[in-house]
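A quick write-up on the structure given underneath.
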Amino acid sequence: MAAKSPLIVAFGEMLIDFVPDVSGVSLAESTGFLKAPGGAPANVACAITRLGGNSAFIGKVGDDEFGHMLAEILKKNGVNSEGVCFDAHARTALAFVTLKKNGEREFMFYRNPSADMLLAESELNMGLIKRAKIFHYGSISLISEPCRSAHMAAMKAAKDAGILLSYDPNVRLPLWPSAQAAVDGIKSIWNHADFIKVSDDEVGFLTQGDAEKEDVVLSLWHDNLKLLVVTDGEKGCRYFTKGFKGKVEGFSVETVDTTGAGDAFVGALLLQIANDPSIFQNEGKLKEGLKYANACGAICTTQKGAIPALPTNADALDLLNKSKAK
């Protein structure tokens, strides 16, 4: 059997998304909902294993039916769940997601407080974190205590152990007290990361500038960064390293639901980085890796929900080959 690829640990929230069974209606108009497991860091962990990689998830869910369902979904997807805790007193978070006609989303969250917010530093599986090659996280875990302190401690332990830090802020404005609190919270850990992925919309939000403009994007650069990637939806992505920069075209597909597309992209790219860290210095390899990640993100938009829509390696290669044949 081939050796397992290096471990990637994702930290943060896992929840249930309720997605209307019909696109283009408001939550009030929707007559039925599909129950879909979600939460960006958990999606990334599943994206990695779906592609044949090795991942673990660290976070907290409620000791309720939904929480146990989510833990089972991680296991079914081959994700190491040793770092999952159950809270006896708080519920698993829920999000109701509106799908607009174009597949874009709006969120309404139920978490006051939900179990993921209550993960304490003492509950962290530090042994699991220290086995990682990459430690990946978002910003939702920074919003409230005690989870914020747990996040900071996990990040410090990973950094001290020489583990690569990966950050996808995944802005969810309704969860923050205010827009300014979101900007401040997201930027509070900005300079720790080795790799950051942001969407064009998030660049606009964090800089209050035009995300199309390179100088606006580069205002987010810091000297500890090895790679900054801006995703531009179906247009593809832009990349910036210390030595080079450029863009990689996206794929045109029939979009049904964009949920999880960014997570599929991140999972695919982290897998490439874990297997070959020289990608940061080799522009040819990086462009190949980003093309593969773009393919994974595109495939994920062709089905409803995040985890069920995540592609396999064969799916990604199929789309890459089809695009070459055109």
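For clarity, every value in this text was computed on a predicted model and none was experimentally measured.
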Exercise. Applying the 4.5 Å side-chain criterion to the ILVMFWY set and letting contacts propagate, would Val25 and Phe33 be lumped into a single cluster?
Worked result: no
Under 3.5 Å donor-acceptor, [X] side chain and [Y] backbone:
X: Lys242; Y: Leu225; answer: yes
X: Asn294; Y: Glu249; answer: yes
X: Lys4; Y: Asn54; answer: no
X: Asp318; Y: Ala314; answer: no
X: Gln303; Y: Cys300; answer: no
X: Arg50; Y: Ile307; answer: yes
X: Ser141; Y: Gly12; answer: no
X: Glu145; Y: Ser149; answer: yes
X: Ser30; Y: Leu27; answer: no

What distance do [X] atom [atom1] and [Y] atom [atom2] have between them, rounded to the nearest 0.5 Å?
X: Lys197; Y: Leu227; atom1: NZ; atom2: CG; value: 12.5 Å
X: Lys187; Y: Thr207; atom1: NZ; atom2: OG1; value: 7.0 Å
X: Cys85; Y: Asp116; atom1: SG; atom2: CG; value: 12.0 Å
X: Leu269; Y: Ile279; atom1: CG; atom2: CD1; value: 6.0 Å
X: Leu270; Y: Ser55; atom1: CG; atom2: OG; value: 10.5 Å
X: Lys75; Y: Ser81; atom1: NZ; atom2: OG; value: 4.5 Å

Please identify each residue that fulfils side chain to side chain contact (heavy atoms under 4.5 Å, CB included) with [X], with sequence neighbours left out.
X: Asp184; result: Gln180
X: Asn275; result: Ser5, Pro6, Leu271
X: Asn125; result: Glu82, Leu128
X: Pro311; result: Ala264, Cys296, Ile299, Asp315

For this session: For the pair Leu124 and Phe11, evaluate side-chain contact (heavy atoms from CB on, under 4.5 Å) and give the outcome as yes or no after the intermediate values.
Result: CA-CA 10 Å; Leu124 288 172; Phe11 171 89; 3.7 Å; yes
Problem set entry | Check against side-chain contact (heavy atoms from CB on, under 4.5 Å), Phe195 and Ile134 | CA-CA 10 Å; Phe195 161 61; Ile134 299 174; over 6 Å; no
So which heavy atom on [X] is nearest to which on [Y], and how close?
X: Gly260; Y: Asn43; answer: CA-ND2, 4.4 Å
X: Leu142; Y: Ser188; answer: CD1-OG, 4.5 Å
X: Ala36; Y: Gly305; answer: CB-CA, 4.3 Å
X: Leu118; Y: Ala90; answer: CD1-CB, 3.5 Å

Report yes if some heavy atom in the side chain of [X] is under 4.5 Å from a heavy atom in the side chain of [Y]; otherwise report no.
X: Asn80; Y: Phe57; result: no
X: Leu228; Y: Val198; result: yes
X: Asn170; Y: Asp263; result: yes
X: Ile16; Y: Leu70; result: yes
X: Leu74; Y: Met14; result: yes
X: Asp168; Y: His136; result: yes

For this session: Would you sort out whether Phe240 and Glu214 count as a side-chain contact (heavy atoms from CB on, under 4.5 Å), showing the intermediate values?
Result: CA-CA 10 Å; Phe240 303 86; Glu214 192 172 298; 3.8 Å; yes
For this session: Output every pair passing ring pair (Phe, Tyr, Trp, His ring centres under 6.0 Å) with a member in residues 159-189, not counting sequence neighbours, ordered by first then second residue.
Result: Tyr137-Tyr167, Tyr167-Trp190
Exercise. Pairs in or reaching into residues 255-314: which pass ring pair (Phe, Tyr, Trp, His ring centres under 6.0 Å), with residues at least two apart or in two chains?
Worked result: none
For this session: Please identify each residue that fulfils salt bridge (Lys or Arg N to Asp or Glu O under 4.0 Å) with Asp210, with sequence neighbours left out.
Result: none
For this session: Scan for salt bridge (Lys or Arg N to Asp or Glu O under 4.0 Å) pairs involving residues 28-40, sequence neighbours excluded, and state none if there are none.
Result: none
Problem set entry | Listed once per pair and sorted, the salt bridge (Lys or Arg N to Asp or Glu O under 4.0 Å) pairs that draw on residues 279-291, sequence neighbours left out | Asp276-Lys285
Could you give the side-chain donor-acceptor pairs of residues 91-98 under 3.5 Å, partners two or more places apart or in another chain?
residue, atom, partner, partner atom, Å
Thr92, OG1, Gly62, N, 2.9
Thr92, OG1, Asp64, OD1, 2.8
Thr92, OG1, Asp64, OD2, 3.3
Thr92, OG1, Gly67, N, 3.2

Problem set entry | Residues Arg111, Glu13: salt bridge by 4.0 Å N-O rule | no
For this session: Name all pairs fulfilling the side-chain hydrogen bond (donor to acceptor under 3.5 Å, both in side chains) condition that reach into residues 222-237, sequence neighbours left out, sorted by first residue then second.
Result: Asp194-Lys226, Asp232-Arg238
Exercise. Given Asp257 and Thr259, is the side-chain hydrogen bond (donor to acceptor under 3.5 Å, both in side chains) satisfied, shown in steps?
Worked result: CA-CA 6 Å; Asp257 174 10; Thr259 308; 2.6 Å; yes
Exercise. Partners of Phe244 by ring pair (Phe, Tyr, Trp, His ring centres under 6.0 Å), sequence neighbours excluded?
Worked result: none
For this session: Mind running side-chain contact (heavy atoms from CB on, under 4.5 Å) on Ile189 and Met152 for me, showing each step along the way?
Result: CA-CA 9 Å; Ile189 61 166; Met152 299 306 282; 3.6 Å; yes
